[in-house]
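First listed ligand is number 1; within each ligand, the first listed atom is number 1.
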Amino acid sequence: MSQAAVTPTASPAPALAGAAARATALSKVYGEGETRVVALDSVSVEFGRGRFTAIMGPSGSGKSTLMHCMAGLDTISAGSARIGETELSGLSDRRLTALRRDKIGFVFQAFNLLPTLNAIENITLPMDIAGRKPDQEWLELVIRTIGLSERLRHRPSQLSGGQQQRVAVARALASRPEIIFADEPTGNLDSRSGAQVLGFLQDSVRELGRTVVMVTHDPMAASYADRVIFLADGRITDELPAPTPEEVLDRMRRFDTEDRTS
Ligand code: ADP
Ligand code: MG
């Protein structure tokens, strides 16, 4: 049995069999000599299917690098990064592109919507570019879950920040990817808009059966996840199952104290 199947009993979302993604002794080194930076230092972690994981840690701790390496947006220096059973390093550009298109959704902090397209056109754009017809039933389910049925003909400038980011999450979900990576998706939002986006990400896991990995600085945002992983200096330092905002905050404070005393 894989590790991912052994979930904390307090977790609201039971993991399905197998890992949606997995890093094994994953290292990422940028630069050489004086400019050498070890962004990830032998990280091993599993993202179980149908689970919502939050990644936290100080700025520069390697959160974005981990997301990019797992999503095939950056190469790795050593170890292994797998989506399902597929090892990313060694894939040809063509196969990597296909894997990213079919299996992975990515949500950026800056929503990255096209201003000249309306919401539904933005949502289906990646599939249109790939020359694919969206699965209509799935698309309708995503749109119903996003809660923006009345705004589909609106352009990004006619939508609030929270609505725009929900469109961006829907775009990441449109091709029915197994796993969605979101890098500080609520970083540019007020708390009410942030709550809408987090609710939608949670629904993506609970109602739509997707796997979500989200970087955040916000203990409240992290509490939407089934577990929190803490990174520091490119290493996983701790993990918290079924986190409450208070527990996350507590853990962050403890790290601060340890930093100051070490
Ligand atoms: P986080 O997302 O946790 O703030 P990052 O993953 O962006 O951290 O960065 C981790 C470390 O790797 C930092 O020291 C950062 O300066 C370095 N780094 C990230 N991307 C690059 C890059 N393209 N070239 C060189 N160094 C980088
Ligand atoms: Mg980052």
| How are the rings of F181 and F47 set to each other: parallel, tilted or perpendicular (split at 30° and 60°)? |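 The rings of F181 and F47 stand perpendicular, inter-plane angle above 60°.
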| Distance below 4.0 Å between atom 19 (C) of ligand 1 and any protein heavy atom? | yes
| request: May I ask whether G62 places a heavy atom under 4.0 Å from ligand 1? | output: yes
| Quick one: does S59 get a heavy atom under 4.0 Å from ligand 1? | yes
| Where on V37 is there a heavy atom closer than 4.0 Å to ligand 1, on the side chain, on the backbone, on both, or on neither? | side chain
| field | From CA spacing to verdict: salt bridge (charged side-chain N to carboxylate O under 4.0 Å, His left out), D238, R251 | value | CA-CA 9 Å; D238 209 350; R251 197 63 59 107; 2.4 Å; yes
| Against heavy atoms of P58, which atoms of ligand 1 measure under 4.0 Å? | 3 (O)
| Where S175 and M127 come nearest, the two heavy atoms and their spacing |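 Smallest interatomic distance, heavy atoms only, reads CA-SD, 3.8 Å.
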| task | Determine, considering heavy atoms only, which of V29, T65, V215 sits nearest to atom 5 (P) of ligand 1. | result |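 Of the listed residues, T65 has the closest heavy atom.
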What protein heavy atom lies closest to [atom]? Include the residue and the distance to one decimal.
atom: atom 23 (N) of ligand 1; result: Y30 CE2, 3.6 Å
atom: atom 12 (O) of ligand 1; result: A39 CB, 3.4 Å
atom: atom 7 (O) of ligand 1; result: S64 CB, 3.8 Å
atom: atom 1 (P) of ligand 1; result: G60 N, 3.5 Å

| request: Would you check, one step at a time, whether the test salt bridge (charged side-chain N to carboxylate O under 4.0 Å, His left out) holds for D102 with R95? | output: CA-CA 10 Å; D102 297 336; R95 290 198 54 205; over 6 Å; no
| field | Pair R227 + E239: basic N to acidic O under 4.0 Å | value |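 Yes, charged N to carboxylate O under 4.0 Å.
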| Note: D74-K28 ion pair, threshold 4.0 Å (strictly below) | yes
| Taking only residues two or more places apart in sequence, or in another chain, which ones meet A78 in a side-chain contact (heavy atoms from CB on, under 4.5 Å)? |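 For A78, the residues satisfying side-chain contact (heavy atoms from CB on, under 4.5 Å) (neighbours in sequence not counted) are S27.
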| request: For the Mg ion (ligand 2), decide whether S64 has an N, O or S atom at a distance under 2.8 Å. | output: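 Within the cut-off used here (under 2.8 Å), S64 does place an N, O or S atom near the Mg ion (ligand 2).
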| query | Cluster partners of I129, using ILVMFWY side-chain heavy atoms under 4.5 angstrom, listed by chain and number? | reply |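 Reading the cluster by chain and number, I129 sits alongside L114, L117, L125.
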